[in-house]
Structures are given as structure tokens and as C-alpha cells.
Amino acid sequence: MIAPFSHVLALAAVVFTLGAYCAVARRNLIMMVLGVEIMINAACIALVGASLRWGSLEGQSFVLFILAVAATEVSVGLAIIVYAFRRAGSFDPDAYNSLK
Amino acid sequence: MLTWIAGFIVLVVKLVAILFFLLMAAAYLVWVERKFLARLQLRYGPNRAGKFGLLQPLADVVKMLTKEDVVPDGADRVIFRLAPAVVAGTAFLMFAVVPLGRDLTLFGRSVPLVVTDLNVGLLFAFAMSSLGVYGIALGGWASNSKYALLGSIRGAAQMISYELSLGLSIVPIVMLAGSFSMVDIVNAQKGLPFIFVQPLAFVIFVISAMAETKRIPFDLPEAENELNAGYHTEYSGMRFGLFFLGEYVTMMVFGGLVAVLFLGGWRGPWLPPFVWLVIKILLVAVFMIWVRGTLPRVRWDQLMTIGWKALLPLALLNVIVTGALGLIMSP
Amino acid sequence: MTAFWSDHATLPAIVLATFAPFAAFFAIMLFTRGRPRLSARLSIGAISVSLACALYLPCVHWRMEQPLEYTAQWIASGSFSIPFGFLVDPLSLLMLTIVAAISFLVQMYSLGYMAGDPGFSRYYAFMSLFAWAMMSLTVASTVLQLFIFWELVGLSSYLLIGFWFEKFSATQAGKKAFVMTRVGDASFYIGLLLVLLHMGNLDILELGGPKATESMSPGFITLAALLVFGGIVGKSAQFPLLTWLPDAMEGPTPVSALLHSATMVAAGVYLFARLFPFFSLSSTAMTVILAVGTISMLLASTMAMVSRDIKRVWAYSTISQLGLMIMALAAGGWFAGVFHLTTHAGFKALLFLCSGVFLHTYETGDIFELSARGGRNLKIPALTLAVGAAALSGLPPFSGYFSKGAVMGALSGLTNPIWALAALVGVLLTAYYSFRVVFVIFFPGSGVAESSVHSHAAGEGHEGGHAETYRAMAWPLLVLAGVTLILGFFEAPLRGFLFGGATAPEAHESVYALMVHYAAIGLGLLGVAAAWVEFGWSRAKRVGLVERWSPALANLFAERWFLDHFYRAFMESVIDKGFASLAHWNDRRVIDGTIDGAGRRTIDAGRRTALWHLGAIQRRLLTTFAVVAFLALYFFL
Amino acid sequence: MTLYGFLFYIVAAIIIGSTAMAVTRRNLVHVVIYLVLSFFGTAMLFYLLGAPMLAVLEVIIYAGAIMVLFLFVIMMIRVDSLEEVIPPFRQRLPAMLLGGLYLGCALLMARGTPGAGASLPLLTASPKELALYVFGEHWFTIELVSLLLLAALMGVLNLGRMKADEAGKEKSA
């Protein structure tokens, strides 16, 4: 016996909120992407917990796919960020306010 | 409760034994390297401390411990102090999944001769090796020095690149053994060591392992004629010693991995299993030293080309061929 | 045993047929963009593989009783699952064969037509993408999967219509096609969601089955069917959304032949045929669809009668023939609709490819100018053009005759005679306008112009490169003309194939049906005769006699011409201006003001637009989270 | 409370603590270090919850690859020299309220989930079981994901090339 399922979900909720805070409040593109990663991670926690709760491997397999998608998302996202930084010279999301 | 305590004691004993073994082995590997390299270059090597310089490692330890521990100005002090420990720590942790011999029977209970037989043991070793990058990247960054930063960026890029081919090269092994557990992999080589079945994987693995340990010919992160000493330029005393130790322990660990994955682990005739394992690890380590004495350093772009354009496609091809053959030959 | 062989080879054949063009697209885009000849070879090689597979499949499954379905699970969550796979039945095999064959011929033809174009590789890549999307669409096993490829077809047609993107009109046409079909697609999508909501499943075979009637009320089925039909209206350019098709002729002519005659617009009709059992569940929807088909058919044929541009004439006729197919299907004549789809694919591709040769040689699409410059000296295109036009008009030995006969039979089965009457009017108009083009090109008014251009054309013919391109373009024409000649005689075997092992329902021929049948032939001949009187006669060097001889008829044309433009203006004011009204309004305000005010307002408008385009990601994120939070509050508390 | 329960709460505290530290640090390198710690904690949690394979993958992919990539970019561009504008308190207040609301909702939902009160059993999915399940039930998704990875690879390569010859690219585009 580990802990009630609701505690795992609560942990996921707290981590998710932290990630959302990071994505919304930090004025730095890299921090925003990190915030997204934290949120994804929170979702993974909830899925693994649910997988154990219901005795099904569905949740775990979804986490597997999420990991793969997160990896692609970060690689493309970071490449875009670096490219944008070279153009605008700033990581502030509000600095990108002029159309080409 | 008694079982629990007994298990705990066994675990502690195992940990201490492995730690001691690794420290000693790493220290004497340094000695072996210096001696062997000297012979290759027609020199004598260390021969003052003790007979054949056998006490040289101890003297080195004393020297490092008594040296001044300098933290450069403007450095990130916490990270600066933490980084060497990460390098050494991850290297030690990797050894936790290497099986040292067949199961012992102590007081009527079977004790596997491995710190922990994880069912994802192989992946665990890779996870630790990928965490080792942090020690190098952060150590260089925290030093607040150009050479160190350049060295650490090089190191991070090199390790990420080669980790891919390293990981992919062992996929065929996992396919053949049907498990990530090191114990199972050793057991799967009862008949024939995998080096005969998977020679290509062996070559890719060894080359990538040399790049992972950042040894010549892949020692660009610490290339002394370009970057002084790379990421550990600013380190001195025992902190430098930890980096040093980490490097040799990593060598041992990769020797252990090569032994387990390709050379049949502790299996061998006549001699006791543990001796076989040590012999195999030493063989790999001596091979690495020999390469160091023989080959020049590659250029940066050559390093990346080898990793991405030669090793990685070959490893992928090997995976596909092995999978296809497995499918065809399976009933 | 064939059964054993077919069961094992069917799936690989389908996979190979659909994915070969995709692989070609990938390879061209990635590796061979700088090497046009290799790209063309790759693309044609891939489509040949597809064609071989597509021809092989009907041979194996000629007497197929049960549809075959190969599915794999895509996503499963609890009891809900989304399968992904292939559905093999006579209809999908027929369509697969048509698409592969037309794509193959068009790609061969393009070797000549597109020779030397700077975007040669890109062209073939898009062609392969299109072929992949279209063939995957035909064998999709669920409507969701069909929708995905439906959108991909839309995308590739956008890319191909706007292929010459340095030409402003081409990009405009591409955008117009994309946006207008999107309107239909949105409706299609909503319809799908409605069905999904009630059925929990989008399997094509189940959609027309008893499960649909159990889970949905009749009114609901009508609504869903009409919404799905919205997608067909967009894709097949039916009544309210038809203006994009003629504009889409801006693309290269082979593209028009591929997209706008035989395959892409046919996707709409194909969808209708595919979901025919589902649509049949609602008689109201069927009546509405019948009306839409009729209106489109008549409108488009009247437009075609006065157009001077050869490609536009065929574009209008495409709309009208699609309307006819939809009429046939809506009247319950499933076989008639599908059969007409098949024959139409052949002869319409033929007509477009012929026009392509004219266009390529004389660089004009105006039929009177083509005629004046000696268009008839291009022997093969002119001859095959006549064959195609005859088939389009439904003249006896050609394929169009048989399929139109089937359509007429289906329409005469309806109790209300007005639909059959409308179709007969359509037949007359079709025969008239198609032979108008033929006669105008065949019999140029003045011999002087002819001789002067004759030497010009001959001079061009002497160039080796030109002759080679001409040959490359000519032989697909001959193949298609041959198909058009003989396809009609295969009506009975085709019927047997489509209805599987079951005996085909006999079309019982009443006196009324026979009357309609003969009336169709008679009216077709009448249309040809009318065209002859007006345009063929001018061979006797009496230009303008048409107006003098029958001023009433000419007046009628003028009036009809006026009507067409009224319709078109109306369409465009509704569709185009509807989209752009905001921009227009803004524009007028800026222009109307004084220069000072205009400047200030420009700054103002700019600032306001800038607010929309600010990369204020975080504010949007915040809003998103707020909305989610409130939704959660609403649902869970 | 069993030993495993005790471990769970410790790991949870590590995750929350290090994530909270991460999202509030100014120095991006510190952020990355705290996040690595957080992901490491998550990996331990996964191991505890019976997913050893995912635990190791979490370390390899998240901590070992993704975060190194971030660190790499941060070190390469020397982001730590850039000042980040921190908005004044009154602008952050609504966001905080909203965040509190959000968290409240999420916690309520966590409590209201069916079967939330039941204690989790001790089960482990071996890599073999997971692999058989994934490749048996979701092989098509695997293909899609691999296609996605390929697409990302090509996209990143293209972005990288754009940097190298930006001028030439602009001209031809």
C-alpha cells in the first residue's frame, strides 16, 4: 500500500499549477517552455498514478508517447527560440511585437 | 524483520566492497596507464615511490588532499563545489548494476553478486551516464572562465551526440537477450559471448564509450593545446581529483559494461568468476590506454561527423538487420 | 485458389498503391529537388506501381460478395476506439483504379506540358502528394480518416492551383479554392461531429446500417446528412459554392485535368456514393440534394454556352456534369451516378488535356483566336477533342451516351417529371456548348488567317524539342480517346462488379423511361445541329451570319449571357464580399476621409490591428487557463 | 503509514519543493538544476508507482537530454546576463487569484475522482510487459510518433541551416 490515489492526483495538480505559473508569469521564452515541460510532467505523474490505480498499462503507454512528443517539442521549440533570439536580441515574449 | 536487517547488512557490505574495489582499481589504473604509456613512449614512468612506483597512487592522493582548494573569483560557489561530485558519483552509481559473479549462498540464502539487479539495469547505467554530463557542463560554467566554458560546451555536445550511438548500439544486445537486466544479459551469453554475434555493435559501443569517457582521441573538452585543461581548468586539489577519479571510474565502468554486454561478463573457464571479470575489464582499459598512446586527437568537425554520420546510421542499420533476422529466424 | 491468393495479397497491394506516391513525394522533396528528370521518373514510377496495384485488385476481387476491411487500432480509450485502415469494396476499387489511371496519364502528359518549367520537381512532388491523398481517401475505412485525406486533397489542390505563385491571379485562385471549399468542409466536419456524438462511431459500413436509424431521430439524420452534403457542395463546386472552380483554371492545364475534372471534384460525388445508404435514410435531404444538383447543372451549362475560354467551358461543364451525377444519386440511381462518374473521369480528362495542347502551342485559351490561328492543324488534339465533346454530349457510340442513358433512366423513375425535364434541358445545352467549341475550332471564319497561321504552326513543328513534347502530350490523348470509345460497352460487366455476386437489380423500362431515353438522344443531336447552324456554317466565309439569320436566338444568348453574369456577380458579392466585407468597410472609411484624417485613421487602424497581432502569448495562455478553470468549476461543482 | 507511503511523501515533497524553487529562480542555470532535481524525484516516484521503465526513461530523456539541451542553449547564449522584467505586484495579483482558483478546482477534482480514496497497490510493470502492451495495442501510434520525430529532426535541421545562410534563404524565399 503506497498512498491514496487522490494524493497522487493532488501532487500532479500542484506541480501543474506551478508549471502554469511559470509559463504565464515568467517573462522569458525559455522559462515559458520550461513551464510547459513542468505541466507535461505533472500530466505524466497523474497518468502513471491512474495506471497503477486501475491496473492497466494504458496510462504508462501514454506517458511513453508523451515523453517522445515532449522531446520533439523541445528540440523544435529551442531551435525556434534561438533563431528568434538572434533576430530580436531578447527573450522577452513581448519583444516580438513587430511583424516582419 | 530479521530478513530485512540481514538484507540491509548484505547491501552495506556489498556497497563498501564495491566502493573499495572501484577506488583501488581506479587508483591503480592510473598507475597502469602511466607505466604503460611510458613504455609505449620508451620512458620508465613512475618508479620512485615503492617498488616499480607501486605506491605512486597513494602519494598522488596525499598530494591532492593537501593542496589548496581554490574557488575562482566570480564563480558560482555552490555549483562549482557540487560539479565534481556529480561526475564521480554518477560514475560510481553506474557500477551498481554490473554483476560480479554467480549467486553466492551465504547462511542458506542466495545472495546475488550485484548491488541491485534492476530489471532496467542497462537503462539505469545509461541514465547515470547521461546525468554525468551535468558535472562537466556545470563545472565548466560555474568556473566563470572562457576555457572552462568552451570545454564544458564541447563536452556536453560530445556526450549528447555519442550517447545516441552508444544507446542504439546495445539495442541488438537487448533484443538477443530479451531483457534490460545485466544479470539476464550475462546469462544469455552462456554459449557464445555476444562479441561474436554482434561484432558491429561491439565496435560502435567501444568507440562511443571512448568518446563518452572523453579520452584521446576524443578528448576535445580538455584539449590542452587549445583550452588549457578544458572544463576543469580552474579546479585544483581534491576537486580536481574527483574529476580525475570520475574519469578513471568511468573507464572501469565502461570496461565492465563491455565485459558484461559483449565478453560474457564473469563467465570463463578455470578461473573464479570475479577474476575473469577483472581480467576482462582490464583488457578493455588497457586497450583504451593503448589507443591513447597510438592515435592523434580528432578535429571537432571530424568528431561530430563520426558520431552523427557514421556511428549513428550504422547502429540503426544494425538494429534493423538484427530485428529482421530475429523475425525471420523465429518460428 | 484465388481466394487464398487474394486474401494474402490484397492488403500489401493497397498499402503499396497508396504509399508509393507518398514515398515519391517525400523522396522528391528531400533529395531530388535539384534534379527534375529524376524527380519526374520517381513520381511516374510510383504512380505506375499504384496503377499496377489498382488494376490488379479489381481482377482479384471481381466477384466480391463481402466488403473487406483491414483496420488497426489508432487510439482506444475505454469503450471508445478510433480505428484506422482500409475498406475494400467494388466502389472503392473502381475509384482507386480511376484515380490511379488518370493520375498516371496526366503525369505522363505533364512530361511534355511542364518541360522546362523551373518548378518541375516541385510539380511532380505535389502531383504525388495529391495522388497519395486521393487514393487514400478512396480506400479510407472511416469517415474520419476520409475527412483527413479530404483535407489533404484540398491542401494539395491549393498547392497545385497556385503552382505558378509568381502570378498574382494564380495565388488568388488558389486561395479562393481553399477558402471556399473550407466553408463546405466546416459544415462537413460539424455533420461528422453530430453523427459521432450519437453513433460513437464513424465506420462507413455502419453509417448506413440499422444502427444509424436506431441511434438517431429522422430529423436529426436529415440535419446531419445536409451538413455532410455541405462538404460535397464545397468540394464538387455545387450551387452556392461553385465560383471557385472556373477560377481554379489558373493552374497548369494538366492540373486542371487531374483536379477539376476527374478526381478532386469527383471526391465529393464519391463521398456521396460512399455514404449513399446513409443519405437514403432521409428523403427530405435527398430532395434538397436533388434540387441543388439540378440548379448547379442548369446554371453551369448556361454559363458554359457563352464562355470564350476553352478551359472555362470545360470547367463549367464539369460543374454541370457533377450536378447531373448528384441528381442521379439523389434520385436513387446509385449505379447511374457512379457509372457517369467513371465515364466522365475519362472524357473530361481527355477534354482538358486536349485544351492543354492548344494552350501550350498557341498560348491562348480563347476559342475564336485558336480557330483563327489554325487550331485544327493539331490533328490529334482536334480529333480527340471531337471525341470528348461527343461523349460529353451523350452521342451514341461514346461512353457518355451509356452513362447519361443510365442517369436518365434513374431520373425517369421519379414520380415528379420535372427533374427528368430539367435533365433533358441540360442535355440539349451540353450538346450545344460542347460542339460550339468543336465547330469554332474546326471551321475558322477566314481562309487567309488560316493559311498564315498554318505556316506558323508548321514552322514550330519542325523544331525537334517541340515535336517531342507534342508526342509526349499526344499519346495520353489517344489512350483516353480509346477508353472513351469503348468504356460504354462495359456497362453490364461494371454493373455486375459493383453489385458484387448479387444479381443486379433490373432497371425496368417503362414507356415513359424509353421516351425520356430517346428524347435525350434527340435533344443531344438537336444541340449539335444548333451548334452546326451557328458556327459550322461560317465555313462558307459568312462571318456574323448567325446573328443575321436568327436574331431572336442571338438575342436570347445575349440575355442568357446577361443572366449568367448576374448570377456570377450575385455569387461573388455574396461569397467574396461576405468574407471581405470588414476589410472593404475599413478601406472605404480610409479612402473617404481627407488626407489628414486618412493618415490618422491609418495609424489608428494599424494600432488596432497590431493589438491582434501582438505576440502576447502569455496573455492568451492566461485566458486559456482562466477559461479551463471556469469550465472545471461549471462541470465539477 | 508503510515505508512505501513514507517514501511517497518524501518524494512528493522533493518534487514540489524543487519545482517551486525552479519556477521562482532568476538565474536560469539554477532553474535547470532544480528542475533536474524535480525530474529525478519524478523518476523515483514512477519507480515507486510501479513503472521502472518510465522512471529510467524520465531520467534519460527529461533529465539527460531535454534539460541538457536547455542548459546548452542557456550557456551558449549566456542568458544569465539578460535582465528579466518582473511585473509589479498589482499585475500579478489577478494571476495569483486565478492560480489559486485553478489549484482549488484541480484539488477538488482530485478528491472527486472515482476511487480516489483507495490506497494504491504495490505492483510493477516490467519493461517486457509494457513493451508487449505498447507494441501490441498501439503499434500504429508508435509509427505516428516515429514520423513526428523524423519531422522534428528535419525541421530543426532546416532551422539550423536558416541561421547559417539567412541572407541567401531570404532572397530565394
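Within every chain, numbering begins at 1; the chains are lettered A, B, ... in the order of the sequence lines, protein sequences first and strands thereafter.
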Which atoms of [X] come close to chain D, meaning under 4.5 Å heavy atom to heavy atom: side chain ones, backbone ones, both, or neither?
X: A70(A); answer: both
X: L78(A); answer: side chain
X: A20(A); answer: neither
X: E73(A); answer: neither

Side chain from CB out, backbone as N, CA, C, O: work out which of these in [X] comes under 4.5 Å of a heavy atom of chain A, or both, or neither.
X: A20(D); answer: both
X: L103(D); answer: both
X: I142(D); answer: both
X: M67(D); answer: side chain
X: L130(D); answer: both
X: Y62(D); answer: side chain
X: Y133(D); answer: side chain
X: A151(D); answer: neither

- [ ] For chain D, find which of T17(A), V74(A), L57(A), V33(A) contributes the most heavy-atom pairs closer than 4.5 angstrom.
- [x]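 Result: the option with the highest number of such pairs is L57(A).
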To the nearest 0.5 Å, tell me how far [X] [atom1] sits from [Y] [atom2].
X: L67(A); Y: I60(D); atom1: CG; atom2: CD1; result: 10.5 Å
X: I74(D); Y: I30(A); atom1: CD1; atom2: CD1; result: 5.0 Å
X: T24(D); Y: M31(A); atom1: OG1; atom2: CE; result: 8.0 Å
X: L150(D); Y: T72(A); atom1: CG; atom2: OG1; result: 11.5 Å
X: F70(D); Y: L34(A); atom1: CZ; atom2: CG; result: 4.0 Å

- [ ] Check the angle between the aromatic planes of F16(A) and Y102(D) and answer parallel, tilted or perpendicular using the 30° and 60° thresholds.
- [x]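 It falls in the parallel class, under 30°.
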TODO: Just give me the residue among L54(D), V134(D), I61(D), L69(D) that pairs up with chain A most often, heavy atom to heavy atom, under 4.5 Å.
DONE: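 Counting heavy-atom pairs under 4.5 Å, the top option is L54(D).
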Open item on the list: Testing L11(A), I38(A), I45(A) one by one against T42(D) for a side chain to side chain contact (heavy atoms under 4.5 Å, CB included), which residue passes?
Closed with: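 Checked L11(A), I38(A), I45(A) against T42(D); only one passes side chain to side chain contact (heavy atoms under 4.5 Å, CB included): I45(A).
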Open item on the list: Going by side chain to side chain contact (heavy atoms under 4.5 Å, CB included), V14(A) matches just one of I15(D), I16(D), T19(D). Which one?
Closed with: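 Going through I15(D), I16(D), T19(D) one by one, the side chain to side chain contact (heavy atoms under 4.5 Å, CB included) with V14(A) is satisfied by I16(D) alone.
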Task: side-chain contact (heavy atoms from CB on, under 4.5 Å) evaluation trace for E58(D) with N41(A) - done: CA-CA 9 Å; E58(D) 172 99 5; N41(A) 201 43; 2.7 Å; yes
TODO: Show the numbers, then the answer: is there a side-chain contact (heavy atoms from CB on, under 4.5 Å) between H138(D) and E58(A)?
DONE: CA-CA 10 Å; H138(D) 293 293; E58(A) 198 76 27; 2.9 Å; yes
To check you understand the geometry: which heavy-atom pair defines the closest contact between [X] and [Y], and what is its length?
X: V23(D); Y: C22(A); value: CG1-CB, 3.5 Å
X: V156(D); Y: A79(A); value: CG1-CB, 4.2 Å
X: A51(D); Y: Q60(A); value: CB-NE2, 3.4 Å

- [ ] Evaluate the criterion side-chain contact (heavy atoms from CB on, under 4.5 Å) for residue pair V63(A) and L57(D); output intermediate values, then yes/no.
- [x] CA-CA 10 Å; V63(A) 173; L57(D) 285 184; over 6 Å; no
Open item on the list: Quick check on F72(D): does its CZ atom have over 12 non-hydrogen neighbours (other residues, nucleotides or ligands) under 6.0 Å away?
Closed with: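 Count over threshold, so yes.
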TODO: Please examine the side chains of F8(D) and V8(A), heavy atoms only from C-beta on, and report whether any two atoms are closer than 4.5 Å.
DONE: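 They are in side-chain contact.
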- [ ] Answer yes or no: is there a side-chain heavy-atom contact under 4.5 Å between V145(D) and L64(A)?
- [x]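 Contact flag for V145(D)/L64(A) side chains = no.
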